[in-house]
Amino acid sequence: MKARVPTGIPGLDELISGGFAENTVNLVSGPAGSAKSLMAIQYIYNGVKDKDETGIYLTLEEPRDNIIRAMSVYGMDITKYEEEGKLVLLDLGEVRRRLETSEEEGVVGFEAIINLMKNLLQFTGAKRMAVDSVTAIGLYYEDSPGKLRRELFKFAGFLKEQNITTLLVTESIEDGELTRYGIEQFIADSFIVLGLEDVKGELRRTITVRKMRFTKHDTMKHPMLITSSGINVSAESKVF
Amino acid sequence: MTERTRVSLCADLLRTILSDNRELLLELQTREALGNYEQTYPILSELNITSDLIIDASSMPDTDNSVVAIVFIIRRVQSYMEIFIGGEEAELRIYESVNKFRQLNSIDIQNAGLSGVLQEFMRIARKEAVLDFDNATDMEKARALFLDIFNEFLIDDPVGWKSQKYMTELRSCPVLRDVPDDGTWFEFADGATFNSLVDQLAVIVDRLEIPLDLIERIFDEYGKLVDDLGMRDTLFQGALSAGTRFGVDSIDALLRGGLARDLTLLLEGPAIVEKDALACLFLKWGIEEKGCVILVSTLCSPEMVRSALTSIGLDVAALEADERLIIVDWYTRHLRYITGIEEEGALIRVSNDLTNLAVGIDIALRKAAAWPTRRLILDIVSPTIMVEGFDRVNDFLNSLKAKLKNAKCTGLVTFNPGMHNREDVDILEDLFDGTIALSRRTEQGRIMSELHFSSYSGGPFSSSRIRLDLNEYGLSISDAEQKFSEERINFDHNRPKFSLGFPGIENISAGGLPIGQSYLIWVSSKMTSAEVMRPLIIEAVGKGHGLVLALSTVAPEEVFGWLSEHDIQPASLIARGALEIVDWQAQKDSRILGVEESEGVLRASKDITHLGVAIDLALRKITETEGAVAVIETHSPAFRTFDLRTVYPFVQTMNARLTKRGFTTFVVMDRGAHDARITAGIEELFDGVLDVMDAGDHLELAVLNLSNGHFMPEYRQLQRLRSGFSVDVSTRDPVAETMPLAEDINARIERLNTELNLALEEKAQLVKRTEEFMEREVQWQRKHDELRGHLSNLEGKLAEQQQALESAEEAPLEREHKREVSRILAVLDELLENLPEDMIDRFASSEEFKLYEKIMDIYKEVEDDTDE
């Protein structure tokens with residue numbers, strides 16, 4: 001029985017037997033605006049705040065400042081943790097300055113990420129990592145879906161060897177596939193799907209844990225609220 | 001001594017069969033007919049059978065393959081014989097040879113583990129027993145039947161424990177004797193009769209746990225004979241009989257030929273307690289006929305089911321421990337996530353998925369298969385149709401009916417036709433083997449329930465209507481001829497009650513509404529929800545109950561105003577966790593995101609899911625949960641805004657959660673706002689239904705339905721008060737007069753208790769007197785023994801005296817004899833004196849003279865005595 005790494009997100013840990021299984025690669029997908037990034041942020045932040053576990057948040061789309069601003073809206077102040085080196089918020093912009101990239105700006109492949117991570121993980125001693133998002137990295141392989149598959153598989157393999165518990169963020173296509181490339185869910189140890197449903201002109205947020213290896217978990221769809229302190233999953237409530 | 005191998009034993013068996021039937025087999029040129037048997041079993045190339053049917057199996061290895069191959073040859077021989085002499089004769093000949101072989105080699109066969117193999121050839125005990133079967137006696141036929149059952153049972157017994165147990169039973173059976181070592185025969189003991197024989201053998205069958213399907217197979221083989229012997233109805237608690245009972249006398253009386261087994265009936269009717277009660281009684285009969293019962297519950301928790309079954313006298317704990325009562329729980333899914341199927345002994349919890357419900361039922365039927373009879377109730381299918389759609393549920397029911405038939409299970413599916421369109425009702429009524437229709441009507445303000453069979457394919461039936469009345473004792477059923485029967489239901493009259501704040505309601509609901517249940521209150525368009533809610537809320541708060549409100553037409557501020565008028569501070573209630581308000585009214589005017597909380601009020605957005613989240617939150621926050629009350633008036637707007645398939649499960653879930661937490665829940669709805677199907681469907685979800693009806697110039701209230709309590713089924717006028725209503729109890733009709741009130745019931749209970757105590761006292765006195773009698777008897781017995789002793793002594797003395805007397809009786813005879821001898825001696829003495837002197841001298845000097853003198857002396861005494 002693997003140890004659990006609690007997300008600290010109210011209600012979510014109840015659905016997944018207390019948290020992610022240790023040293024696993026976990027995936028969250030959802031359409032735009034479904035709070036995927038917020039989930040990833042809370043996962044890293046709560047790890048530092050509640051468990052004193054160093055975490056790395058790798059953002060490939062949103063600039064660092066936006067992330068910090070979003071976090072402060074929900075009462076998450078990372079200044080102190082960054083100073084202590086407990087929380088590493090890594091912006092792709094920074095990565096680009098250090099790595100060779102493709103001709104397309106803002107696109108970097110898994111190999112580059114792996115090279116970066118090798119040193120960073122060793123240096124920081126991080127126990128948690130969030131990558132926001134896999135979709136952005138996948139753009140690097142747009143012309144070669146086969147290569148994307150292979151590289152993604154290698155990336156997941158790399159992560160599993162690093163003694164960290166990772167949360168990968170990916171987009172889903174509205175009214176379409178659950179993940180952007182249709183393959184991400186197969187390499188991950190768990191798969192959480194966030195939903196946005198139109199209910200009488202109002203958007204309802206939902207969360208479903210579709211897969212979680214090594215874990216007895218609730219597979220029902222549950223309502224999810226965004227409160228002043230972030231995501232709150234109504235684990236005992238149902239979606240009607 | 002070396003143990004014989006399996007292959008050598010099998011070869012000897014074959015040798016025996018061939019030898020015993022040599023003449024016939026040679027005539028039939030059997031060796032040629034057997035052909036190239038090694039093509040089927042190559043191992044048989046090691047077996048040599050000559051045209052004279054001499055066997056040499058010395059080269060065959062001692063393997064299972066060799067054993068199987070030789071058995072194959074035996075079967076071939078038998079099949080060949082059948083062609084010429086018929087199946088029965090061939091089977092008999094083989095049997096005789098096998099039996100002979102078994103008797104000669106029993107130990108070797110046992111050691112080699114070949115008992116099972118030989119059992120294959122022992123199937124014709126009955127033929128061996130009775131060659132002239134048709135002219136055999138009933139006892140002989142019964143013997144043959146049971147021997148076949150036992151033989152079939154013992155076929156697969158690799159370890160031999162079945163045979164051992166069987167022999168023990170047979171040898172200890174009092175009606176049998178002369179049981180041989182192989183148990184294939186028995187004679188009847190002196191005094192055995194047909195009935196005693198059948199009874200005792202049935203006991204053995206029971207002890208050996210012989211499966212019912214095996215017995216049924218043998219019964220089927222014997223066909224009509226089993227019925228002629230009357231065994232199908234009397235054996236195994238009638239489990240193999242064609243008929244059973246519904247379990248309610250009046251209903252069974254409508255079925256002229258009894259209830260046919262393995263049919264599935266539809267019990268349809270509105271949301272009334274009588275339907276639930278009949279379903280429970282149907283289940284009860286399943287227990288009484290020693291079978292297993294399955295209850296698939298969709299609207300009641302396992303705890304409610306157990307309570308209902310306990311109230312009709314069943315020992316639920318014992319039944320569940322034995323897995324004679326199996327509950328398939330499709331209710332708990334409203335309370336928590338269920339992973340597929342969760343089994344806990346006799347309780348099978350099922351997730352939301354209808355497919356999993358079918359799987360859960362399969363599991364239950366498998367558990368039930370071990371029992372002689374099976375019954376299943378599915379209660380209730382209508383809500384599922386509403387949520388899942390008719391087509392899907394119809395498929396499910398078709399499959400269920402076939403499964404029940406296959407499992408030989410008698411089924412009952414409850415249904416509310418008011419929730420569906422006519423076409424769907426007709427389809428379901430056609431699907432099942434019969435329909436029992438419950439109906440309700442109102443006559444002069446009085447509500448009456450009736451039942452009749454509208455169809456039944458299991459035999460003749462009457463479509464007469466019978467009336468049902470729920471009273472303080474249970475269900476009273478009367479037919480057209482005014483014959484009554486009563487089915488006892490033990491209501492919990494001591495359960496605390498809630499009066500809604502409507503004075504007078506306790507008179508029509510036996511003291512009020514039992515707490516911890518959910519109630520639907522239909523309000524007329526002539527009254528507002530607030531008029532009903534206000535007295536409810538004041539009553540609840542006044543009695544110190546925690547309170548959760550879900551509002552859609554009444555603002556929280558209005559509620560605060562009511563409380564303040566009664567000098568109750570809402571803020572303090574909220575602060576101590578005694579009041580939580582969910583406001584679903586604000587979303588009409590303001591934009592609410594999800595669920596927002598301010599000043600103790602939870603405001604939910606328009607989304608019904610968020611309303612559910614808010615109610616869940618309120619339930620978590622309330623701390624005063626003892627006897628807590630929930631008042632909800634959001635459902636009517638919800639049905640207006642969202643579709644039925646969304647709101648119906650919402651109502652089910654909310655009811656389940658509130659009941660689980662012990663709340664007494666009142667849901668206020670506007671009947672006029674919904675169509676008949678929705679009103680019928682909603683009523684099914686509640687433990688009680690109250691209806692406020694517009695009667696023209698006034699309002700009337702009736703209790704339409706009430707679980708765990710009896711009620712007066714009639715409409716009563718409501719009188720408006722300043723802040724509420726009272727129920728008019730001044731007018732009573734003769735029928736209503738006879739309905740005892742709660743106080744009468746308590747007085748009656750007290751009287752019965754007094755009588756019971758008196759009876760117990762009397763019993764104690766009788767016990768004491770009995771003890772005294774016993775003691776006196778001991779004393780009498782002691783005296784009796786003493787007297788007996790005396791008597792024995794006297795008898796002894798008497799015997800002695802008797803003997804003495806007899807001795808005395810002998811003396812006269814002896815004396816007479818002596819006298820006669822003395823006379824003769826005197827004569828002889830005179831004659832002696834006349835003898836010559838020399839003869840006298842000679843006699844005087846002889847030895848004999850002394851003897852003469854002696855005898856003369858003896859007889860002279862006698863003479864002297866006589867002279868005296």
Side-chain angles (χ1 to χ4, degrees), chain A residues 9-18 30 33-35 38-39 42 73-75 190 192-240, chain B residues 332-340 342 351-353 356 387 582 587-588 590-598 602-620 634-635 637-654 656-657 660-661:
Chain A
I9 296 171
L12 177 56
D13 290 332
E14 280 172 51
L15 300 182
I16 54 176
S17 294
S34 57
L38 180 56
M39 178 174 282
Q42 274 186 261
V73 166
Y74 298 107
S190 81
I192 297 173
V193 173
L194 304 184
L196 268 180
E197 297 167 8
D198 187 314
V199 179
K200 304 284 182 193
E202 185 181 309
L203 283 182
R204 175 200 291 161
R205 297 178 187 283
T206 65
I207 180 169
T208 312
V209 181
R210 286 183 71 93
K211 163 184 157 185
M212 184 154 283
R213 284 193 194 127
F214 320 117
T215 308
K216 183 175 172 180
H217 66 95
D218 182 334
T219 60
M220 276 177 58
K221 189 192 288 186
H222 293 275
M224 191 173 91
L225 303 175
I226 310 292
T227 67
S228 57
S229 49
I231 292 172
N232 192 314
V233 174
S234 305
E236 64 173 6
S237 298
K238 290 163 73 165
V239 169
F240 295 101
Chain B
T332 302
R333 64 194 175 111
H334 297 301
L335 296 171
R336 64 170 178 83
Y337 175 70
I338 306 287
T339 313
E342 293 175 8
S351 72
N352 265 334
D353 189 354
N356 280 342
V387 173
V582 172
Q587 48 89 8
K588 295 175 192 169
S590 339
R591 179 154 175 73
I592 310 288
L593 292 175
V595 176
E596 297 171 3
E597 182 173 3
S598 71
L602 292 158
R603 291 184 170 79
S605 74
K606 188 196 294 184
D607 186 356
I608 195 173
T609 294
H610 292 150
L611 174 60
V613 171
I615 294 175
D616 285 335
L617 268 171
L619 293 180
R620 277 208 298 276
T634 54
H635 293 352
F639 272 107
R640 281 198 292 271
T641 311
F642 297 92
D643 67 74
L644 178 66
R645 288 190 184 187
T646 300
V647 186
Y648 201 79
F650 170 79
V651 176
Q652 280 182 291
T653 300
M654 289 301 117
R657 292 190 180 180
K660 172 79 178 171
R661 284 173 164 82

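Lettering of chains follows the sequences in order, A, B, ..., and the numbering in each one begins at 1.
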(request) Taking all non-hydrogen atoms of both residues into account, name the closest pair between A/Phe240 and B/Phe650 and its distance. (result)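 So the two residues come closest at CE2-CA, 3.3 Å.
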Candidate polar pairs, chain A side and chain B side, donor-acceptor under 3.5 Å:
residue	atom	partner	partner atom	Å
A/Lys200	O	B/Lys606	NZ	3.4
A/Lys200	NZ	B/Thr641	O	2.8
A/Glu202	OE1	B/Ser605	OG	3.4
A/Glu202	OE1	B/Lys606	N	3.3
A/Glu202	OE2	B/Ser605	OG	2.4
A/Glu202	OE2	B/His610	ND1	3.4
A/Arg204	NE	B/Asp607	OD1	3.3
A/Arg204	NE	B/Asp607	OD2	2.5
A/Arg204	NE	B/Thr609	OG1	3.3
A/Arg204	NH2	B/Asp607	OD1	2.6
A/Arg204	NH2	B/Thr609	OG1	3.1
A/Thr219	N	B/Tyr337	OH	3.3
A/Thr219	OG1	B/Tyr337	OH	2.6
A/Glu236	O	B/Arg657	NH1	2.6
A/Glu236	O	B/Arg657	NH2	2.7
A/Glu236	OE2	B/Arg620	NH1	2.3
A/Ser237	OG	B/Asp616	OD2	2.5
A/Lys238	NZ	B/Thr653	OG1	3.4
A/Phe240	N	B/Thr609	OG1	3.0

(message) Less than 4.5 Å to any heavy atom of chain B: does that hold for the side chain of A/Val239, its backbone, both, or neither?
(response)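 Looking at A/Val239, backbone and side chain both touch chain B.
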